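Okay, structure first, notes after.
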2 protein chains.
Amino acid sequence: MNKKIQKLSDKFKALSNPIRVSILLCLLNGQSNVTKIQECLNIPQSTVSKHLGILKNAGVIEGERSGLEVIYSIVDDNVKG
Amino acid sequence: MNKKIQKLSDKFKALSNPIRVSILLCLLNGQSNVTKIQECLNIPQSTVSKHLGILKNAGVIEGERSGLEVIYSIVDDNVKG
DNA sequence: TTTATATATTATAATATTACAATATTATGC
DNA sequence: GCATAATATTGTAATATTATAATATATAAA
């Protein structure tokens, strides 16, 4: 299986879930920490964290710790637009 | 769950599989029938047909029957580029 | 070092996706 | 009608994804 095609479809897979799309829409307005995202979406913290991990793993977002918080922001240029 | 977000993530889901991405790359060069796509990818006919159905269902491609063949082509403007 | 807060990981049950052989359908020509 | 070719559907086992409670980790402040 072609490596580039696999990578491309993996990127799409990262975006193929409504919670993850919602998270990205939140982050399009600027960086945010997990708690704010959680309040925005109104779902359990572990669920948010899981999806943030998937997006981060796919190279769509990145998280930087600042004290107790982790601030997430979009790094994928195609998603940032 | 927001309807538009659901639709957007569904579109991404249609593209989240390497076989389906490969099919679309085939079709970017112009319309094609199932047999040609199958030969291009070298996988079972039923597998190709299944994935064509998923792409069609997602509104990414459309198929038009012409005699024994069904000719598929890309209809999604974002995918066509 | 204890406590509190923010986030991540693990465990697991429910659900969805996948591959593909077998079978069915659809269209054509005889 | 029957035979053939192209495509679609079905059945099903294997695998992957999902949600979320429970637990663990990380940091800061007292």
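Per chain, numbering begins at 1; letters A, B, ... match sequence-line order. Quick caveat, the model's predicted, so the values are computed rather than measured.
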Pair A/E69-A/V34, side-chain contact (heavy atoms from CB on, under 4.5 Å): steps then yes or no: CA-CA 7 Å; A/E69 303 174 350; A/V34 178; over 6 Å; no
Where do A/Q6 and A/N2 land on the side-chain hydrogen bond (donor to acceptor under 3.5 Å, both in side chains) test, with the steps shown first? CA-CA 6 Å; A/Q6 184 68 54; A/N2 187 309; over 6 Å; no
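OP1 or OP2 of C/dT17 lies within a sub-4.0 Å distance of a side-chain N or O belonging to B/K13. For C/dA6, neither phosphate oxygen OP1 nor OP2 lies less than 4.0 angstrom from any side-chain nitrogen or oxygen of A/N33. In this structure, A/N17 reaches the D/dT18 phosphate: one of its side-chain N or O atoms is under 4.0 Å from OP1 or OP2. Within the 4.0 Å cut-off from OP1 or OP2 of D/dT17, not a single side-chain nitrogen or oxygen of A/H51 is found. The side chain of B/Y72 places no N or O atom within less than 4.0 Å of a non-bridging phosphate oxygen (OP1 or OP2) of D/dA6. Residue B/R65 places none of its side-chain N or O atoms closer than 4.0 Å to OP1 or OP2 of D/dA8. Dashed line: the shortest gap from a side-chain N or O of A/S46 to OP1 or OP2 of D/dA21 is not under 4.0 Å.
For A/L41 against A/S22, the heavy-atom pair with the smallest separation is CD2-CB, 3.6 Å.
Taking only distance into account, the side chain of B/E69 never meets the base of C/dA27 through a donor-acceptor pair shorter than 3.5 Å.
Comparing A/T35 and B/P44, the nucleotide of DNA chain C nearest to each residue sits closer to the 5' end for A/T35. Residue A/G53 is the one, among A/G53 and B/L68, whose nearest nucleotide of DNA chain C lies closer to the 5' end (criterion: closest heavy atom).
For B/I54, counting side-chain heavy atoms from C-beta on, the closest listed nucleotide (C/dT7, D/dA8, C/dT18) is C/dT18.
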